[in-house]
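Since the structure comes first, as structure tokens, the remarks are kept for the end.
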Amino acid sequence: MTRIAENLQAVRARIAAAALAAGRLPDDVALLAVSKTWPAECVAEAAACGQRAFGENYVQEAVDKIAALAGLGLEWHFIGPIQSNKTRPLAEHFDWVHSVDRFRVAARLSAQRPVPLGPLNVCLQVNVSGEASKSGVSPADLPALAEAVAALPRLRLRGLMCIPEPTDDVALLRSRFALLRELSEATRIRGIAADTLSMGMSHDVEEAVAEGATMVRVGTAIFGERTRRPV
Ligand SMILES: *Cc1c(COP(=O)(O)O)cnc(C)c1O
């Protein structure tokens with residue numbers, strides 16, 4: 001087995017164990033393999049092990065990989081910060097965007113989504129860490145943003161995403177993930193269908209799954225330490 005194959009198997013085992021420990025089904029937690037900075041060959045290797053969904057943070061790097069691997073039937077998720085003037089390649093090349101945090105970006109993605117592709121799946125990134133983090137909509141502003149985004153014709157609002165501040169404090173992490181779950185439940189109560197909770201990375205898969213994550217975004221534990229910025 002290759003290193004990526006072994007790592008993938010280990011990450012899937014971690015997800016399954018965490019799900020079972022929380023009284024959940026392993027299949028209810030999807031794995032997004034975060035391939036930023038890693039070349040197309042590494043993605044192809046993971047794809048050969050059955051991994052279909054890949055996450056990318058840098059637009060040009062991602063668009064090149066998507067082109068190189070077209071035909072493998074992969075699903076591409078954009079998870080990085082979004083510049084308002086760089087939305088078009090996201091609308092044209094991705095299946096999901098997890099990091100929508102303002103209406104201006106959502107409106108542009110909707111307007112630029114090519115009709116033949118079907119609606120673009122989006123998650124709203126929420127700032128669950130307060131002062132400690134700058135990106136993401138505040139919990140207070142989330143209901144209005146969710147309502148406005150849900151009404152856009154070429155987007156399908158799928159749920160919420162968060163990136164808690166880096167910390168080794170497990171209780172603090174759990175509370176950040178729990179807040180996202182509560183906000184997601186409140187969003188559904190308001191009549192907005194949202195089935196996805198995108199939370200948890202290499203070091204905190206267990207905490208995120210315990211708090212209800214339906215999609216974990218794992219890079220380092222699959223591909224290894226990133227030693228460079230993207231190409
Ligand atoms: C890089 C990144 C990840 C993956 O992080 P790892 O610690 O390598 O697992 C997940 N989510 C986002 C938004 C990222 O930028």
Side-chain angles (χ1 to χ4, degrees), residues 3-4 6-15 17-18 29-39 42-43 45-46 49 51-63 65-66 74-83 86-87 90 94-102 105 109 121-129 132-137 158-170 172-173 176-177 179-180 184 196-231:
R3 187 181 50 85
I4 288 176
E6 282 174 4
N7 289 348
L8 261 174
Q9 201 171 70
V11 168
R12 290 190 189 122
R14 278 176 66 192
I15 293 170
V29 185
L31 173 59
L32 181 64
V34 177
S35 45
K36 65 183 175 206
T37 79
W38 296 99
C42 294
V43 176
E45 202 178 315
C49 306
Q51 179 63 33
R52 302 251 67 83
F54 292 88
E56 290 282 340
N57 287 52
Y58 308 101
V59 179
Q60 193 52 54
E61 180 198 340
V63 167
K65 264 182 245 183
I66 293 169
L74 304 180
E75 187 179 275
W76 294 95
H77 296 234
F78 189 79
I79 61 175
I82 304 173
Q83 291 171 258
K86 294 255 178 74
T87 51
L90 304 184
F94 283 83
D95 302 294
W96 288 64
V97 176
H98 291 227
S99 40
V100 173
D101 64 358
R102 54 202 192 278
V105 162
L109 287 171
N121 296 293
V122 300
C123 292
L124 301 178
Q125 182 175 349
V126 182
N127 179 351
V128 293
S129 310
S133 161
K134 283 182 216 68
S135 40
V137 63
R158 294 300 298 270
L160 306 181
M161 179 272 232
C162 72
I163 311 172
E165 69 272 47
T167 175
D168 294 327
D169 182 341
V170 170
L172 181 67
L173 265 177
R176 301 307 194 209
F177 292 141
L179 173 59
L180 198 71
S184 157
T196 300
L197 262 186
S198 166
M199 58 190 197
M201 318 201 318
S202 289
H203 66 288
D204 54 16
V205 159
E206 283 77 11
E207 288 77 15
V209 170
E211 293 295 347
T214 65
M215 197 182 293
V216 292
R217 311 178 307 267
V218 178
T220 308
I222 296 171
F223 296 105
E225 292 288 341
R226 290 178 292 274
T227 55
R228 56 175 179 79
R229 294 276 301 167
V231 281

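In each ligand, atom 1 is the first atom listed, and ligand 1 is the first ligand listed.
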Residues at least two apart in sequence or cross-chain that pass ring-ring contact (aromatic ring centres under 6.0 Å, His included) with Phe177, listed by chain then number, are none
Applying side-chain hydrogen bond (donor to acceptor under 3.5 Å, both in side chains) to Glu75 and not counting sequence neighbours gives His77
Taken to the nearest 0.5 Å, the spacing of Ser202 OG from Ile222 CD1 works out to 7.0 Å
In chain-and-number order, ligand 1 lies under 4.0 Å from a heavy atom of each of Val34, Lys36, Asn57, Ile79, Ile163, Met201, Ser202, Arg217, Val218, Gly219, Thr220, Arg226
For Gln125, the side-chain hydrogen bond (donor to acceptor under 3.5 Å, both in side chains) test, sequence neighbours excluded, returns none
Report task. Apply the test salt bridge (Lys or Arg N to Asp or Glu O under 4.0 Å) to residues Arg176 and Glu165: give CA-CA distance (whole Å), side-chain angles for both, the deciding distance (0.1 Å), then the verdict. Result -> CA-CA 9 Å; Arg176 301 307 194 209; Glu165 69 272 47; 2.6 Å; yes
Output for pair (Arg52 CZ, Leu31 CG), nearest 0.5 Å, gives 12.5 Å
